Amino acid sequence: MPRVLIIIPAYNEQETIAAVLASLREHAPDYDVVVIDDGSRDNTQSIARGAGAEVIRLPVNLGIGGAVQTGFKYAWRDGYDVAVQCDADGQHPVAQIPELVERLLRGDADLVIGSRYVANTTYIPSFFRRLGKSILSRVVDFFIGGGITDTTSGFRAVNRRALSVLARHYPEDYPEAEALVILHRSGLKAIEIPVQMFSRQGGESSIGAPHAVYYMAKVVLAILIDMFRKFTRTPGDE
Amino acid sequence: MPFLEQVNLQFAHRVGILGLSVLLMLVVLELMRRGWLKEKYALVWLATAGASVLVGIFPHVIVAAANTFHFQYLTVLFTVYFFFTLGLIMSFTVAISRLAERNRELTQELALLAHSVDKLERRLESGS
């Protein structure tokens, strides 16, 4: 039986974290869960602990990339076979985590993305998010040779080979699209399956319209530079 | 030939440059004495102050450059300082980026360590 860790990065998510953890216990009871509290100033930590989850508390806010990477490092060192990344705000369909994991365990991919665009989903993002994401998808597509439509989805599962890379190299903010390029440059393969995303249950989205331009420029620049970088893996058993 | 009129730096300018350079040196030395400035950065600043002193004492280099490019000597002086400052700021952003990277890794290690200590304590408490 492969060991699976679900990583939940959480920054000020006291409204939604309990529901997500309860949903996980119902739909994915065989998997371990770790909440990475990214220096929240609300009660995220105590609520998650109260719900019986393992909590790793970052003493200062590192942003989504630093938080998720903490989870990757934990998964890598604790010998997990699979790590699943899932948001704390209730947008990701927890019930479909076993589908991600089973698809990954077939062994022909190192990263499985839960995609919003592949098939019938009701998810409708705002104009700026749509614009930014469609440009980004095209850029990523160009560099990794196609196959992925939802490059910014943060609902994904990785195997140990991908963990060995991501535990060492993971972008700081808006990490999802760039991570695809990093894995591609490391010779690993990504695929996606359709999932049904929900709209937010509480809290605030981390990407607003004013950030769209910065977001685009930063990620596109990072991806261009990545094409000229070498990525090493963490030493150890894959 | 308007530029050739100023063959020498005015005396007041030379005194000003010398005075500011000496002041800069004193400030840097005081910062080092208080332990607020690392030696490797202090060296850059002392070299800057030293170069300024040399310009104050031997202004001919600047005047020669000014005449060659048909600039006012003050323009030459400020251009040199401007590019030097640009280089300095560049080296600072590199240093800050490296610090941020180390900070991220240390924060992650600290959090992972705190978590495993916490886990061990819980195991000890439930075991006893």
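Everything numeric here is computed off the predicted structure, so don't read it as measured data.
- Within residues 80-87 of chain B, no residue has any heavy atom closer than 4.5 Å to a heavy atom of chain A.
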When you look at A/Arg77 and B/Glu109, which way does the salt bridge (Lys or Arg N to Asp or Glu O under 4.0 Å) test go after all the steps? CA-CA 12 Å; A/Arg77 291 175 195 181; B/Glu109 290 301 326; 2.6 Å; yes
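- Note on B/Glu101 versus B/Arg98: no salt bridge recorded, every NZ/NE/NH1/NH2 to OD/OE distance being 4.0 Å or above.
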Hey, mind stepping through A/Asp110 and A/Arg161 against salt bridge (Lys or Arg N to Asp or Glu O under 4.0 Å) and telling me if it holds? CA-CA 7 Å; A/Asp110 302 289; A/Arg161 210 165 351 171; 3.3 Å; yes
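- Residue-level contacts of residues 35-64 of chain A with chain B, in order of numbering, are A/Arg49, A/Glu54, A/Val55, A/Ile56, A/Arg57, A/Leu58, A/Pro59, A/Val60, A/Leu62; threshold 4.5 Å between heavy atoms.
- Using bins of under 30°, 30° to 60° and over 60° for the plane-to-plane angle, the ring pair B/Trp45/B/Phe92 lands in the tilted bin.
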Chi angles and distances behind the salt bridge (Lys or Arg N to Asp or Glu O under 4.0 Å) call for B/Glu30, B/Arg33: CA-CA 5 Å; B/Glu30 175 61 15; B/Arg33 197 185 64 81; 3.0 Å; yes
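- Residues A/Leu188 and A/Ala162 come closest through the heavy atom pair CD1-CA, 3.5 Å.
- Contact annotation: the side chain of A/Lys73 approaches that of B/Leu112 to within less than 4.5 Å [non-hydrogen atoms, C-beta and beyond].
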Does A/Lys218 form a salt bridge (Lys or Arg N to Asp or Glu O under 4.0 Å) with A/Asp173? I'd like the steps, not just the answer. CA-CA 9 Å; A/Lys218 188 255 162 194; A/Asp173 44 9; 3.3 Å; yes
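- Summarising the geometry of B/His115 relative to B/Arg122, their closest heavy-atom pair is NE2-NH2, 4.4 Å, with the distance given to 0.1 Å.
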